[in-house]
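Take a look at the structure below.
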Amino acid sequence: MLANRLRKNLKKLKGWRKTHQIQCFRVYDRDIPEIPLIIDVYGDRAVVFDRGRADGSDGNPAEYCPIIADTLQIEDRYTYLKARQRQSGKEQYEKLGETRDFFEVTEGEGQFWVNLNDYLDTGLFLDHRSLRKRVGDMSAGKKVLNLFAYTGSFSVYAALAGAAEVWTVDMSNTYLNWARRNFTLNDIDAGKHRFVREDILMPGRPEFSHETFDIIVLDPPTFSNSKKMVKPFDIQTDHIQLLNEMTSLLNPNGTLFFSTNFRKFQLEWKVTPDFQLKDISDKTVPFDYRDKKIHRCYEISRLS
Ligand SMILES: C[S@@+](CC[C@H](N)C(=O)[O-])C[C@H]1O[C@@H](n2cnc3c(N)ncnc32)[C@H](O)[C@@H]1O
């Protein structure tokens with residue numbers, strides 16, 4: 001049953017993958033309710049997320065791995081199963097392993113280090129593929145701020161497109177180092193750019209808030225209560241203040257992209273006459289995602 005569905009999905013994605021030279025994509029997302037897995041392909045490897053059954057039982061997701069490997073023509077050792085984990089904000093970014101099993105993948109003009117073993121996330125969020133391209137396409141000569149930057153994939157796109165200066169801001173040294181390694185992988189001169197370890201939410205204010213920018217990427221977590229932070233963060237409650245603060249850093253005619261994966265998100269930020277707001281989610285949610293609510297994305301432009 002799973003093999004047939006995977007074959008069907010691969011067939012559906014074939015032309016799109018060829019046209020856009022897609023190496024990393026989502027091939028299965030709980031298409032069959034009795035097989036509640038998400039399967040993402042990264043080059044010649046695949047990661048299998050077990051999402052658990054509606055009745056709370058665990059099932060045996062490992063039994064599907066040989067079928068997945070066989071159908072996707074991937075070596076067994078390159079099929080990585082992520083057991084089901086109930087996440088809290090605290091656990092979200094913690095390490096799961098120490099294999100340091102990093103490998104390179106290509107997306108668009110860029111290359112990225114990915115690790116399917118040691119962390120809950122892989123280093124490259126596939127649902128932001130289109131948004132990364134959009135940011136890259138408008139970055140030439142621009143000053144770009146990438147907030148909650150994670151492994152700096154938006155920054156790589158901007159820098160490769162010829163951004164004058166890219167600021168990559170995250171509070172995790174692990175991810176900032178990963179972002180630096182992504183710059184090196186792409187032969188980007190990191191000396192022109194800034195990597196800043198900061199709690200973006202810290203009142204008082206972080207270093208970047210004394211600057212202004214032409215493009216801002218704002219992709220915060222839904223919840224965060226890391227011990228490094230002064231207070232817990234909740235996207236629904238806190239996005240109004242966050243958007244007020246970050247839009248104030250935009251240069252005239254600048255653009256801020258705000259994205260959230262919170263499924264119940266309601267935008268409560270009020271647009272003032274200086275700004276224009278567009279919900280661009282239908283353009284940023286990618287073709288390979290069956291789940292069209294994977295994220296919501298807004299483009300906020302400063303008019304003057
Ligand atoms: C949702 S991911 C961002 C994904 C990223 N924009 C991308 O598409 O690759 C969350 C990131 O936010 C960072 N983070 C969470 N809370 C933060 C805070 N208060 N200040 C700075 N970074 C934070 C985490 O370290 C993690 O790298």
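First listed ligand is number 1; within each ligand, the first listed atom is number 1. Numbers for residues simply follow the sequence, beginning at 1. Just so you know, these numbers come straight off a predicted model, no measurement behind them.
Annotation: side chain of Met138 is in contact with side chain of Thr255 (closest heavy-atom distance under 4.5 Å). In this structure, the side chains of Ile200 and Met171 stay at 4.5 Å or more apart for every pair of heavy atoms. By the 4.5 Å heavy-atom criterion applied to side chains, Trp178 and Trp113 are counted as neighbours.
At a 3.5 angstrom cut-off on N or O pairs, Asn146 does not count as close to ligand 1. Checking only distances, Phe148 does come within under 3.5 Å of ligand 1, N or O to N or O. Checked against a 3.5 angstrom limit, the closest N/O atoms of Leu147 and ligand 1 fall outside it.
Evaluated by nearest non-hydrogen atom to atom 8 (O) of ligand 1, the leading choice among Asp219, Leu201, Asn225 is Asp219. Comparing Arg129, His128, Glu198 by heavy-atom distance to atom 21 (C) of ligand 1, the nearest is Glu198.
Ligand 1 places these atoms under 4.0 Å from at least one heavy atom of Phe125: 4 (C), 7 (C), 8 (O), 9 (O). In the vicinity of Asp199, heavy-atom distances shorter than 4.0 Å reach the ligand 1 atoms 18 (C), 19 (N), 20 (N). For ligand 1, the atoms sitting less than 4.0 Å from at least one non-hydrogen atom of Ser172 are 25 (O), numbered in the order shown with element in parentheses. Residue-ligand proximity, Ser153 to ligand 1, at heavy-atom distances under 4.0 Å covers atoms 9 (O).
In this structure, Phe103 has its ring center no closer than 6.0 Å to that of Tyr42. Ring centers of Phe258 and Phe265: under 6.0 Å apart, within the cut-off. The six-membered or imidazole ring of Phe233 lies away from that of Phe223, with a centre-to-centre distance of 6.0 Å or more.
Using a 4.0 Å cutoff on heavy atoms, Thr151 does not count as a contact of ligand 1. In this structure, Phe233 falls outside the shell of residues with a heavy atom less than 4.0 angstrom from ligand 1. Not a single heavy atom of Arg132 sits closer than 4.0 Å to an atom of ligand 1.
For the residue pair Ser155 and Asn146, the shortest heavy atom distance occurs at OG-ND2, 2.9 Å.
A salt bridge does not link Asp170 to Arg197: none of the charged side-chain nitrogens sits closer than 4.0 Å to a carboxylate oxygen. At a threshold of 4.0 Å, the pair Arg302-Asp214 does not count as salt-bridged, since none of the basic side-chain nitrogens sits closer than that to a carboxylate oxygen.
Using a 4.0 Å cut-off between heavy atoms, Tyr175 contacts ligand 1 through its side chain alone, with no backbone atom that close.
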